[in-house]
Structures are given as structure tokens and as C-alpha cells.
Amino acid sequence: SRVAVQFGTAKEEFGKVTRGTLPLLELPTGDKVDLRVVIASGVQDGPTFLITSNIHGDEVTGVLVVHRFLEYLQSNPIKSGRVVIIPSLNPTGFLAGTRYPLFQGKDPNRCWPEYKPKKEEHVDPLDWLDALQKTIDHEEGIQVRCFAKIAKAFQELKPDFHVDLHTFSTLSLPFVFFDRILYQEEELEEAKKLMETTQAMIDALGLTVLMERPGWLYVKDKLHRSTSGYTLNGLKIPSCTIELGPMNVAYPSALEAGLRGVINVCAWAKMIEESVKPVSSVPVLHFEKPHRYLVYPPVDVTGVVDHRKDIGSPFAKGDVLAIIRTMDGQEIKKIVADFDGYVIAWSQGVAVYEGGNLGMVAVLDGDCPQLVSWSSLPSN
């Protein structure tokens, strides 16, 4: 028989929407920080779809996507399975309008549990100070402890698939990050199936798709400990990150794109009585071959930038992407493309400095593998 789930204090009631909280931590003041949670349940058994949002406090569009989605469910209820939602993984950052939570100035989207294969570390059994120092050195702070609690709740929930809602920059095309899939040698067949199912879910979303960084850099930059990195490679369920426009404000077109994407996932999983539909509120790039994102172009001068390509626009090697001038209008340098690609985002502001970069582009992923074995990665 079907068993109702409980997530935090929220208890599932079949055919209804229930709400509750998930305890996060207690502050030194004695005040408690909890995460709000929602369970939208269908009358029939089915999959569990996990939606998370706002792990960076200034990335607010996802919160409103969740609100719009719950509004949508009032007239289009879940028929089978359940959707479990955390509208904000970073409520203190949301209130302050800051990327990081107020209790630790560290990127929360690199704080999920580490699951990288461990090497044995020598500890002198006769030197208790050596063991103590290694324990202190490995302590990553309060956020890691908080996300370990949330991760345990995820493990108990056993979701079937997941999306994490983010935003990117003031001028950016909404898109999906497809994480690299990491595996041990004996897990290759399982990893292939996970890649196929994740690809199907991402295709259903209907947004521009960009591959994450190459495997070695993905792990070096701790992206395997991001929200989607952890659920995909740690929990081994289909998962992805959706980027929806600017920080601190929700553009209606980006919000609509996120809403349609979430609805499409439900339709793909046959949780609602609706079909997958194209995203129409924002441009969507359809690549013949996989493309990955690249922070580009770099700048080696200081000045005021005049962008010459709109977001979503293709460019060819030799095209002028931007012109940098002095404040009184004298040209300093033309920024010329070194290769073919697409403009995905321009960085905020027009004042640029030597050693910086102007934005992000999409380039061919080439021979970069989507499936990455742990044994193929550098040891450090």
C-alpha cells in the first residue's frame, strides 16, 4: 500500500498541498533558522520530484517560480506522485539580499557532503595533537554541517529527480547546466543509464542546455558539491541547475521560462495531465552538438565597455564582441572573438578592469566526456 512521506514537519496528505519546516541551525543569539517546505501530493502513487531554490540569497527568481507553480497546481493538481519543494535554501541570505548566508561568508553551493573517493591519510597514533590538528584542518564550518542535515533528509525522502533554481547575471539567457557525471569503474553501466535519464529530463525542460566544466575542473572547483552536483552524483538521481536571468529581481520572461520548465518536468514524468510544451518567453538555442560554457572574453585593459553582441547571438572568429573606450570616448581596444560561439551572458556594469572578463559564452564541448571516472581525475 502507498505510504505517505514526511519531510521535516510537513506530512504528506494524498491529493493535497501541505506545508512545514526543516530545522537548519540555531544562531548564537538563540534564534532558530528553519527552511520552509511544501509537499504537493497526487491522489495516485508515482515519482517524487524535488525542487530547490535560492541557495544564493540574491538569486530570487526561483522563489517566485515556486509560488507560480503552486498557483498553477490549484487548477492543475498533481495526479500521481508528489512534488517536494524547498523555496529557499538560504533564508538569511534572501532577507539580506546577499549571495552567502549571514552566518558564514562562504559559497553555500559548494557545501554539500563530500563523496569523492578518499585516500588513506597517515595519522601518528602516538601523537594525539597530530590527530587533533588534522580534525581541525578538515573542519569546513557550520554550512557543511547544515547541508549534511538537509542531505540526510534528501536520502530519507528518496526523490526520483531534482531541479535547482538559480539566476546568473543582469544580462543573461536563461539556460540549464548539465553536470558531469562521476562514477567508479564498477558503476559505468549505472552511470550510462543516469546520463540517459538526466538527458531526457533536461530535454523536456525546454531551455538552452550548456555542459558544465570539464571533469577535472568540475571537481577542482567543488562543483560536485553543488546542489545538483550532489543530487546527481551523490544521490545518483537525474538533476540539473536552471539559471533564470538576473539577481535581486525576477524578470517576467525568465520567471515564465522557469515555470514552464518545471511544468514540463512534471508532464515528462506523467505527474500531471498536460503535455510538454516549448518555452516561448525567452530565446532558446538548439545546438547540433553539445556546447559548454566558458567565461570569456578576458580583458587586458581598463575602461568603459560597449558590448556589440546581444545575448543569445552567435559570433564567428574575428567578430568584434565589444569595444573598450576611455571615459571621454577614445577607443582603447576592440575585443575580437578568437573562435566561434554564442553569447550567453554579459557581466554586470560597463566599467571594466585589466585582468577581468566581460561575460560568458557557449563553445563546442569537443571531445570532453560527459561520463568521468574518478580514477581518470588528478589525485589532488
Task: F147-V84 co-clustered via ILVMFWY side chain contacts under 4.5 Å - done: yes
- [ ] Check the surroundings of atom CZ in R99: do more than 12 heavy atoms from other residues, nucleotides or ligands lie under 6.0 Å from it?
- [x] yes
TODO: Would you name the heavy atoms of C266 and I78 that are closest together and state the gap between them?
DONE: SG-CD1, 4.4 Å
Task: Shortest non-hydrogen separation from L210 to A362 and the atoms involved - done: CD2-CB, 3.6 Å
Open item on the list: So which atom in L35 and which in S88 form the shortest heavy-atom distance, rounded to 0.1 Å?
Closed with: CD2-O, 3.4 Å
- [ ] Scan side-chain atoms only and decide if D164 and H166 contain a donor-acceptor pair under the 3.5 Å cut-off.
- [x] yes
TODO: Measure the NE2-CZ distance between H162 and F154 for me, rounded to the nearest 0.5 Å.
DONE: 5.5 Å
Open item on the list: Angle between ring planes, W112 versus Y230, binned at 30° and 60°: parallel, tilted or perpendicular?
Closed with: parallel
Open item on the list: A quick test of your reading: do over 12 heavy atoms of other residues, nucleotides or ligands sit less than 6.0 Å from CZ of F94?
Closed with: no
- [ ] Say whether V350 and V299 are linked into one hydrophobic cluster, either directly or through other cluster members, by side-chain heavy-atom distances under 4.5 angstrom.
- [x] yes
Open item on the list: Show the nearest heavy-atom pair for residues L244 and P174, with the distance to one decimal.
Closed with: CD2-CB, 4.2 Å
Open item on the list: When you compare the side chain of L70 with that of I85, does any pair of heavy atoms fall below 4.5 Å?
Closed with: yes
Task: Heavy-atom closest contact (V363 atom, D340 atom, distance) - done: CG1-O, 4.2 Å
Open item on the list: Can you confirm whether E273 is buried at CD, in the sense that more than 12 heavy atoms of other residues, nucleotides or ligands lie under 6.0 Å from that atom?
Closed with: no
Open item on the list: Using only atom types and a distance under 3.5 Å, with no angle test, would you say the side chain of S80 pairs donor to acceptor with the backbone of K270?
Closed with: yes
Task: E274, CD atom: more than 12 neighbouring heavy atoms under 6.0 Å - done: yes
Task: Side-chain donor/acceptor of T48 to backbone N/O of R82, under 3.5 Å - done: no
Task: ILVMFWY network linking I51 to I150, side-chain heavy atoms under 4.5 angstrom - done: no
- [ ] Could you tell me whether the side chain of L173 reaches within less than 4.5 Å of the side chain of P283, counting heavy atoms only?
- [x] yes
Task: Pair K32 + E26, salt bridge at N-O below 4.0 Å - done: yes
Task: Flag for D107-H56: side-chain donor and acceptor within less than 3.5 Å - done: yes
Task: Test ring-ring contact (aromatic ring centres under 6.0 Å, His included) applied to Y293 and Y342, Y218, F177, the passing residue - done: F177
Task: Side-chain ion pair, K222 and E114, N-O less than 4.0 Å - done: no
TODO: Report the residues that fulfil side chain to side chain contact (heavy atoms under 4.5 Å, CB included) with Q330, sequence neighbours left out, ordered by chain and then residue number.
DONE: T326, D328
Task: E196 with K193: basic N within carboxylate O range, under 4.0 Å - done: no
- [ ] Would you confirm whether E212, through its side chain, and D179, through its main-chain N or O, come within 3.5 Å as a donor-acceptor pair?
- [x] no
- [ ] If the plane angle is over 60° it's perpendicular, under 30° parallel, otherwise tilted; pick one for W374 and Y115.
- [x] perpendicular
- [ ] Compare every heavy atom of M211 with every heavy atom of P290, then report the nearest pair and how far apart it is.
- [x] CB-CG, 4.1 Å
Open item on the list: Quick check: is Y251 connected to I311 through a chain of hydrophobic side chains (ILVMFWY, heavy atoms under 4.5 Å apart)?
Closed with: no
Task: Any donor-acceptor N or O pair under 3.5 Å, side chains S172, E243 - done: no
TODO: Determine yes or no for a side-chain-to-main-chain donor-acceptor pair under 3.5 angstrom, with D160 supplying the side chain and I237 the backbone.
DONE: no
